Amino acid sequence: GGIVGGTSALVVMPTVAGGKIDARVARTLEVESSATDALSVVVAMALLDLLVLGSTEIAQPFISFARQTGIGVGAGVAWSILLVPFYPALRDKPHSYTLLIASMFLLYALTEAVHGNGAMAVLTAALLAGNGAIIVPRLIPGARAKSFVPSAGGVTMQNQITFLIK
């Protein structure tokens with residue numbers, strides 16, 4: 001059930017984009033489906049660990065789930081803290097979006113290397129970094145929110161990649 005139980009973002013996002021749904025509801029559905037994708041991976045990996053290790057302890061899958069999720073969320077938060085200060089310097093620069101995607105692949109690989117959930121790390125980092133225009137001015141008085149809003153080139157690149165993924 002953990003493997004096939006998630007509402008896939010690949011199904012939800014095009015459906016939401018094609019329907020006439022309020023923007024707030026659409027964003028909520030997109031975040032929920034993305035989180036469900038990441039959690040489905042964590043649950044599947046915890047169950048595989050249980051089968052491979054042959055453990056009969058009932059707590060083992062929960063411990064594995066908590067460990068992978070905790071490492072993933074922690075890595076995502078740490079990565080976004082390191083990444084967000086570079087946003088203003090990279091804004092409107094050529095290939096900045098490609099660099100951002102490459103950094104997310106690196107985050108995924110590093111998180112998996114320390115036995116965390118890479119999907120959860122990327123999701124957390126993307127949510128925090130993507131909302132930098134809202135979060136940073138609240139944490140750092142005097143920070144300009146406009147510095148953290150995606151540029152037109154970044155939005156175009158995101159739309160192209162979204163099209164390819166769909």
Side-chain angles (χ1 to χ4, degrees), residues 2-3 6-10 12-13 24 27-50 52-53 59-151 153-155 157-162 164-165:
I3 296 172
T7 54
S8 177
L10 292 173
V12 172
M13 289 183 188
R24 290 182 62 171
R27 296 300 153 258
T28 303
L29 288 171
E30 289 173 356
V31 169
E32 183 276 333
S33 64
S34 297
T36 302
D37 281 354
L39 288 173
S40 292
V41 171
V42 173
V43 169
M45 295 308 294
L47 291 174
L48 284 174
D49 281 349
L50 180 66
V52 170
L53 297 175
Q60 189 59 37
F62 298 108
I63 293 169
S64 179
F65 174 79
R67 179 182 48 80
Q68 289 179 3
T69 303
I71 291 172
V73 169
V77 169
W79 197 263
S80 64
I81 289 171
L82 294 172
L83 187 65
V84 167
F86 292 105
Y87 260 34
L90 293 174
R91 186 173 159 73
D92 296 325
K93 299 287 191 274
H95 310 295
S96 61
Y97 197 78
T98 306
L99 184 61
L100 176 65
I101 291 174
S103 76
M104 292 298 172
F105 278 123
L106 180 61
L107 170 62
Y108 184 91
L110 292 173
T111 305
E112 289 288 332
V114 295
H115 305 291
N117 183 269
M120 188 62 73
V122 169
L123 175 66
T124 304
L127 284 173
L128 292 174
N131 289 300
I134 298 168
I135 296 171
V136 172
R138 291 182 182 179
L139 296 176
I140 304 170
R144 293 184 0 221
K146 289 185 179 182
S147 299
F148 300 96
V149 174
S151 65
V155 171
M157 183 69 171
Q158 180 181 0
N159 289 337
Q160 291 173 352
I161 290 176
T162 302
L164 289 173
I165 291 173

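Not measured: the values here are computed from a predicted model. Along the sequence shown, the residues carry numbers beginning at 1.
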K.L.:
Quick one: are His115 and Arg67 in side-chain contact, heavy atoms under 4.5 Å?
P.N.:
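Counting from C-beta outward, His115 and Arg67 do come under 4.5 Å.
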K.L.:
Using a 4.5 Å cut-off on heavy atoms from C-beta on, say whether the side chain of Leu99 contacts that of Phe86.
P.N.:
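Not in contact.
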K.L.:
Hey, which of Thr124, Val122, Leu83 is the one that makes side chain to side chain contact (heavy atoms under 4.5 Å, CB included) with Leu107?
P.N.:
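Among Thr124, Val122, Leu83, the one meeting side chain to side chain contact (heavy atoms under 4.5 Å, CB included) with Leu107 is Val122.
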K.L.:
Got Leu128 and Val84 here, is their nearest side-chain heavy-atom distance under 4.5 Å?
P.N.:
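No, side chains not in contact.
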K.L.:
First locate atom CG of Leu106, then atom OG1 of Thr111, and finally report the distance between them rounded to the nearest 0.5 Å.
P.N.:
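Between Leu106 CG and Thr111 OG1, I get 9.0 Å after rounding to 0.5 Å.
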K.L.:
Please find the pair of heavy atoms, one from Ile71 and one from Gly116, that lie closest to each other, and give the distance.
P.N.:
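Where Ile71 meets Gly116 most closely, the heavy atoms are CG2-CA, 3.5 Å.
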K.L.:
Can you name the closest pair of heavy atoms from Met104 and Ala126 and give their distance?
P.N.:
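Closest heavy-atom pair between Met104 and Ala126: CE-N, 4.1 Å.
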K.L.:
Using modelled atom types only, decide if a donor and an acceptor are shared between the side chain of Thr69 and the backbone of Ala66 within a distance under 3.5 Å.
P.N.:
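No: the side chain of Thr69 does not pair with the backbone of Ala66.
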K.L.:
Please find the pair of heavy atoms, one from Ser80 and one from Ala125, that lie closest to each other, and give the distance.
P.N.:
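So the minimum-distance heavy-atom pair works out to CB-O, 4.0 Å.
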K.L.:
Quick one: pull up CH2 in Trp79 and CG in Leu110 and give me the separation to the nearest 0.5 Å.
P.N.:
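Trp79 atom CH2 to Leu110 atom CG measures 5.5 Å (nearest 0.5 Å).
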